[in-house]
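Data block below; observations after.
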Amino acid sequence: MADLSTNFLGIKSPNPFWLASAPPTDKAYNVERAFEAGWGGVVWKTLGSEGPPVVNVNGPRYGAIWGPDRRLLGLNNIELITDRDLETNLREIAEVKRRWPDRAMIASIMVPCEEAEWKAILPRVEDTGADGIELNFGCPHGMSERGMGAAVGQVPEYIQMVAEWCKMYSRLPVIVKLTPNITDIRYPARAAKRGGADAVSLINTISSITSVNLDTFSPEPSIDGKGSHGGYCGPAVKPIALNMVAEIARDGETRGLPISGIGGVTTWRDAAEFIALGCGTVQVCTAAMTYGFKIVQEMIDGLSDWMDERGYRTISDFQGMAVPNVTDWQYLNLNYVTKARIDQDLCIKCGRCHIACEDTSHQAITSMVDGVRHFEVMDDECVGCNLCVNVCPVEDCITMEQLVAGADPRTGRPIDPNYANWTQHPNNPMAVKEAAE
Amino acid sequence: MTISVPAARDVKPGRLAPEEYSTNFSDLHPPLDRHEAFVEADRCYFCYDAPCMNACPTSIDIPLFIRQIAADNPTGAAKTILKSNIMGGMCARVCPTETLCEEVCVREVAEGKPVKIGQLQRYATDYLMETAATHPFTRAEPTGKRVAVVGAGPAGLSCAHRLAALGHDVTVFDAREKAGGLNEYGIAAYKSVDGFAQAELDFILGIGGIEIKASTALGRDIALSDLTADFDAVFLGMGLPGVNDLGLDGEDAEGSIDAVDYIAKLRQTDDLASLPVGRRVVVIGGGMTAIDVATQVKLLGAEDVTICYRRGQEAMNASEYEQEVAKTAGVTIRHWLKPKSLLRGEGGAIVGIELEYTAQPNGQLIGTGETMILPADQVFKAIGQTFDAGPLAGTAIRLEKGRILTDEKRRTSLAKVWAGGDCIFGGEDLTVVSVEDGKIAAMDIHAALMGA
Ligand SMILES: Cc1cc2nc3c(=O)[nH]c(=O)nc-3n(C[C@H](O)[C@H](O)[C@H](O)COP(=O)(O)OP(=O)(O)OC[C@H]3O[C@@H](n4cnc5c(N)ncnc54)[C@H](O)[C@@H]3O)c2cc1C
Ligand SMILES: Cc1cc2nc3c(=O)[nH]c(=O)nc-3n(C[C@H](O)[C@H](O)[C@H](O)COP(=O)(O)O)c2cc1C
Ligand code: SF4
Ligand code: SF4
Ligand code: SF4
């Protein structure tokens, strides 16, 4: 059986599945249950400064969107950091860590952007025996208006500064949690690295309004007729998170910086994808909040079985394998020609491929041949765009096949076996003579 | 040959405990709730040139109405349905969907599990009928034209509604006390519970401009020549009021029963426990009526119910699904048997039936000469209904195989007279087809009256 254990910044955990800082990690009761269920580690719900804790709204804090059969696809929340007193949290962190020495215990922290504040809290966190700290620069609501969370995370200089303080006043490994509410994720990541952070974790939640109530005209969740933007997470955000992780993994300045991947991880496969893009661990919130802690069993077994099948012994055997394959558009091979192929035995004749292509794309799929309902790709019109593959309700019914020889019936041009990209294309006014890579 | 049948007949009402009646005659398919409707609607692929839509005799835009349900607009879904089929509510309950829309649903073809089109159709139409304050369609400007409709069944009512919507005034004559045709008197009780036929009738009449004249029979109270003289056009939707005879001695004996009559009584009674039910029952026939009477008599407490059909299973007019419903209720279906003689006991009442085995060696159905006896307290005949051409005697309306001949616009051979539903040649004896006939005729009547 594959070895799922991880060593992230020297922090060991039996598997790469950590619970992200959120309600599932808000107190000892929950975290104990999580460890019993098999989670490899937790990032404790974000701690604030000494003094009266923050307060949450007393009405609904979640909104959601659903897929078929009310499967939760995206969750949005207006919750703040922990609303429990600092002392209680620290005591519980210490107790739980003592009882579960083999699990990763990370303390998430968000205090005002002042050196004294960080200097005050860091030693107290260290005293709990926690394995590391995560700086919450991500929370998009409530805290950012007070100059914390995403308000810091959107200013690279602040990130760098706070990371430096943390390295100065604590011996613990520092993970900077990034907000996706920014134009280019590489800037905050670079700043974290410059500040000496040991790793980044991403993504935190995305600013969002999940829906508008058409009776009351209030955004949801509605608190007494008003709503505020919340933070979006769950399966719907995974594509955004994967891209941001990939950007950091392949950026010249941050390449090699350890990453803890977060955002929509729901099954082992999601986790494997984050790891393939370079992550050392993954963090999970919405999936646990939807189904309970038991889902980690599926994640552990699924990852392990897949690794066994592929012959990967350890996580590092496939970690980062997808990074070299992420490139810029301009380097994609323009000589790679594909055509859609419909497997007539699998086709159920719903006609969706036809109407999608006919109405919105390239008029390349028949609907009727010799008076019979029949769906067939016309190679002389097909641009190989993949739309039909994506709208077909039957898996593997339409596949894209590469033309390796002859000519492309659409353009009449012979297939060129050599790689050539936009930088070399005659239509590109800035084309160079040689292939750039 | 010795015949042994019990001397005493066992026929009595009230075979069941009171609560068993309501259980046995509750909805065959309980309606989908909102969540179930969403889940089911989501299964629809919104097919291009959808096969289901082409299979629906009234061409309801099925992918559109299902998408409207999925988008939480059941009112819009219902309007989409009713625009093509004003009896969408009844059709949702009685259409043999397994041989119509659902048979060709791509998910039936692919995985043997069609989208439940009929049940979704019911979800939407029920919603509208329960919630809408007013009739969903408005009438066009009055045209001043008057049309007579004979027969207030699905064909007649569909025709009347469409004509009213187009601005014509319609008078509907029906021989029976209540309007609705077989919706009211024929459809199995568990398919149309809670007085749905009358509720739907009221809903249809809600458009206005339709006057019902009940207990007024063509040929008895009025003549076709009066109608053609008094009205601008006439539509005939009289259904099939007659029944085929077995052609055996004793057909009038006590215990020999016309299935359609019995079902009408069952549909009209306030007290199912008052209907006489035999302990052992034999039903002759292979269509929907045979299945329905057998199933309902079984549900009324008959101990042993056997349908005898003279050909093989595949030749039965009732769909496989309908046969399944009967079998689930505990009905036995036997094939290759035809009635030979009715056996009567003391006082001349039915005590059994003698049947002859049949075969079809070269396409020709023959009796093999071998016979068998089934004891029976009641024998139901359900071997087909017939058109009664009496009221048309002396008119120029041509018949074909005993039914009215029409062209594809449902015109008869007599000027100003259209016809549709079960009474026309080529009719399929389905509610939905009758609705479509009425609609087609109305559109052509409109074109004729407006000189288009
Ligand atoms: C027992 C049974 C079960 C059935 N089950 C189903 C089913 O589950 N699904 C399905 O799709 N179809 C079913 N059918 C068939 C369906 O009911 C008919 O196809 C449909 O009702 C025909 O409609 P119609 O308007 O042509 O005739 P009808 O519904 O028969 O209506 C004809 C009307 O004309 C009136 N009338 C007759 N003669 C005169 C006259 N001389 N003057 C004035 N009025 C007259 C009658 O009183 C009646 O109201 C069933 C039929 C039967 C008998
Ligand atoms: C209700 C709720 C509260 C959260 N609170 C915090 C928090 O206090 N600190 C933090 O760093 N992230 C917080 N998050 C963000 C999660 O840790 C995580 O980054 C995000 O939900 C994306 O992961 P997911 O798609 O697995 O849910 C919260 C998320 C939710 C849903
Ligand atoms: S979308 Fe797929 S199943 Fe539907 S017609 Fe096209 S190829 Fe066939
Ligand atoms: S009317 Fe009947 S055939 Fe047409 S869609 Fe409805 S249920 Fe199907
Ligand atoms: S055939 Fe089936 S899946 Fe396609 S539109 Fe009709 S109901 Fe929907």
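In what follows, every chain begins at residue 1, and chains take the letters A, B, ... in the order their sequences are listed. Side chains are part of it too, since the values below use all heavy atoms of this structure and drop only hydrogens, waters and symmetry mates. None of the values given here were measured: they were computed from a predicted structure.
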Would one find more than 12 heavy atoms of other residues, nucleotides or ligands at under 6.0 Å from atom [atom1] of [X]?
| X | atom1 | result |
| --- | --- | --- |
| B:Glu320 | CD | no |
| B:Glu428 | CD | no |
| A:Gln402 | CD | yes |
| A:Asn58 | CG | no |
| B:Arg67 | CZ | no |
| B:Lys79 | NZ | no |

Could you tell me the separation between the CD atom of B:Glu36 and the CG atom of A:Asp69, rounded to the nearest 0.5 Å? 10.5 Å
Looking at CG of B:Asp42 and CZ of A:Arg71, how far apart are the two atoms once the value is rounded to the nearest 0.5 Å?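 Answer rounded to 0.5 Å: 11.0 Å.
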Hey, mind stepping through A:His354 and B:Asp49 against side-chain hydrogen bond (donor to acceptor under 3.5 Å, both in side chains) and telling me if it holds? CA-CA 10 Å; A:His354 163 80; B:Asp49 189 16; over 6 Å; no
Show the nearest heavy-atom pair for residues B:Tyr48 and A:Gly351, with the distance to one decimal. CB-O, 3.4 Å
Heavy-atom pair with the smallest gap, counting every atom of B:Val106 and A:Lys349: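 In terms of heavy atoms, the two residues are closest at CG1-O, 3.6 Å.
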Sort out for me which of B:Pro51, B:Ala50, B:Ala70, B:Pro63 touches chain A most, counting heavy-atom pairs under 4.5 Å.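 Option with the greatest count: B:Pro51.
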Check whether any side-chain heavy atom of B:Arg43 sits under 4.5 Å from a side-chain heavy atom of A:Pro68, and report yes or no.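 A side-chain contact is absent here, since even the closest heavy-atom pair is not under 4.5 Å.
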With a 4.5 angstrom heavy-atom cut-off, is it the side chain or the backbone of B:Phe38 that approaches chain A, or both, or neither?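 For B:Phe38, neither part sits under 4.5 Å from chain A.
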